[in-house]
There are 2 protein chains.
Amino acid sequence: MTSRPTAPTSPGDEPSGRQRLLDVGAALLAEHGYADTTLRQVAREAGMKAGSIYYHFDSKDQLLTEVLRLGMTAVTDAFDEAVGHSRDTADPLVRLHAVVQAHLRALFEFGPYTATHVTAFHYAPKDVRSGVLPLRDAYEAKWQNLLDDLVADGALAATNTPRVRRLHLLDLMNSAIHWFDPTGTETIDDLANSIVELFWVGATNSAHSPALNTDRNSP
Amino acid sequence: MTSRPTAPTSPGDEPSGRQRLLDVGAALLAEHGYADTTLRQVAREAGMKAGSIYYHFDSKDQLLTEVLRLGMTAVTDAFDEAVGHSRDTADPLVRLHAVVQAHLRALFEFGPYTATHVTAFHYAPKDVRSGVLPLRDAYEAKWQNLLDDLVADGALAATNTPRVRRLHLLDLMNSAIHWFDPTGTETIDDLANSIVELFWVGATNSAHSPALNTDRNSP
DNA sequence: CCAGGTACCTAACATACGTTAGGCAGGCGC
DNA sequence: GCGCCTGCCTAACGTATGTTAGGTACCTGG
């Protein structure tokens, strides 16, 4: 058998064994990296023994590949939903802010699934990486298209290195996983504001920073 | 014995055994992370056997702690030198550019030593991290002071989250290690330009981006 | 010429890892 | 009531790791 699908736990009943393994695997993968995430520790924190993992997954690689997949699909869904909801918003700054916020929410609030992509992807075995790469590439392409559209609309300046600009923006968002604490005094919305403002007008005094409208329900 | 200092190899003669271990350790640490950097592989690529490492270092932790220390002191020295050289430059943008460039040069050109801080520091054992943390904190403080000075000079807008702004700038520089190839068509100077421009004026069309003067020898 | 330090090597140790084979209890269909 | 599938456990396998003890060749100072 190759895998063993289980419906994501409905709210109310406790997570199945497979789901617990994924949750614990995501947490450990994000916190300790690939090599230091051992099946014995995953099993222990999920309330079972190491050998039992092989009833649900073929291997460590397959379990953690699934974790990375879920993390990528989650942030992709969040992206799509934010784009859809803000599609008819005139102000391009507000649109960008909505999508940045969606990305950050997935990164910090969807368990540790999406966070594993920032912290553990690079050092995962090649087989694992190549199993998730298409999803990652597709997601990065979405961001590239979004930025290209902003250039086409005249909101962003044209650049001859659009890829570099996209990577800079993604780096700004993803790197925050190493230092931002969503339970602290600054909210995810504050973080989104600081990133969008920096990306939009920079940090200089000369450009007057526009008030970033946080309330996405305003007319 | 606790360590076994050796003078850094003078150009011309071949590196000592200890130096080779540090070089190889830095390369493997930057490329594969802490857990996947094994002493046997370090030894093999340095042309000796695993047990022999213990003539030069007390443990794996001590070897890799030393690698991280060297990486941090290298980028700190580069920072200080750039600040010193550009101290009497009037234009704050040019000063910032010089320091950003120095940081990126250390990151991409001083072997893989400095790069280990971006890729491997977070997942190193706590003892290793705490052994290098003072150096890291001191370096980050230098950046904070530099940005604070730019605010005091009126070049940067004031912010009530100066720490966040500093982290954003450092993230922009450090994250490039994951995708920038200094041997490609874009140079390190191009990368410095793109980062400084984004940090300075953002990516919008409204602010006209000033020509970043790359030639630091201009009057 | 020879004592001692330098710079390695060999061989093994305890431990931890991913993985596998086989077993066992409980629930469900027939 | 019996068979079967689900979901887990036990015990072990081979392999790899950090580390250590003891040895060996070479160079240098006296």
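Numbers restart at 1 for each chain; the letters A, B, ... are given by sequence-line order, proteins then strands.
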Round to a whole Å and report the spacing from CG of D127(A) to P of dG18(C).
-> 16 Å

Is the shortest side-chain N/O distance from Y54(A) to OP1 or OP2 of dT19(C) below 4.0 Å?
-> yes

List the atom pairs, with distances to 0.1 Å, where a side-chain N or O of residues 106-117 of chain A and a protein N or O form a donor-acceptor pair under 3.5 Å, not counting sequence neighbours.
from, atom 1, to, atom 2, distance (Å)
Y113(A), OH, L22(A), O, 3.4
Y113(A), OH, D23(A), N, 3.1
Y113(A), OH, D23(A), OD1, 2.5
T114(A), OG1, G71(A), O, 2.8
T116(A), OG1, Y113(A), O, 2.5
H117(A), ND1, R136(A), NH1, 3.1
H117(A), NE2, L68(A), O, 2.6

Starting at CZ of F57(A) and ending at C1' of dT20(C), how long is that distance when rounded to a whole Å?
-> 18 Å

For the residue pair W143(A) and H103(A), does the interplanar ring angle fall in the parallel (under 30°), tilted (30 to 60°) or perpendicular (over 60°) class?
-> perpendicular

Donor on one side chain, acceptor on other, T183(B) and D181(B), under 3.5 Å = yes

Does the pair R166(B)/D148(B) count as a salt bridge with the N-to-O cut at 4.0 Å?
-> no

Between dT19(C) atom P and K60(A) atom NZ, what is the distance in whole Å?
-> 8 Å

Look at the side-chain N and O atoms of H56(B) and state whether any lies under 4.0 Å from the OP1 or OP2 oxygen of dT6(C).
-> no

Which side-chain N or O atoms in residues 125-133 of chain B pair as donor and acceptor under 3.5 Å with protein atoms at least two apart or in another chain?
from, atom 1, to, atom 2, distance (Å)
R129(B), NH1, A124(B), O, 2.6
S130(B), OG, K126(B), O, 3.1
S130(B), OG, D127(B), O, 3.1

Calculate the interatomic distance between Q19(B) atom CD and dA7(C) atom C1'; express it in whole Å.
-> 16 Å

Length of the CD1-P vector between I53(B) and dG18(D), whole Å | 8 Å

Nearest-angstrom distance from the residue atom CD of Q41(B) to P of dG18(D) | 10 Å

Heavy-atom distance under 4.5 Å between the side chains of K60(B) and V42(B), does that happen here?
-> no

Rounded distance in Å - CG (L39(B)) to C1' (dT20(D)) = 13 Å

Tell me whether the OP1 or OP2 atom of dG7(D) has a side-chain N or O from Y55(A) closer than 4.0 Å.
-> yes

Distances under 3.5 Å only, N/O to N/O: pair up the protein atoms with those of nucleotides 9-13 of chain D.
from, atom 1, to, atom 2, distance (Å)
dC9(D), OP2, K49(A), N, 2.6
dC9(D), OP2, S52(A), OG, 2.8
dT10(D), OP2, K49(A), NZ, 3.1

When you get a sec, tell me which of dT19(C), dC8(D), dT19(D) is the closest nucleotide to the side chain of S59(A)?
-> dT19(C)

Grab the CG-C1' distance between D36(B) and dC17(C) for me, whole Å please.
-> 12 Å

One should read off an interatomic distance between H168(A) NE2 and S194(B) OG, to the nearest 0.5 angstrom, of 3.0 Å

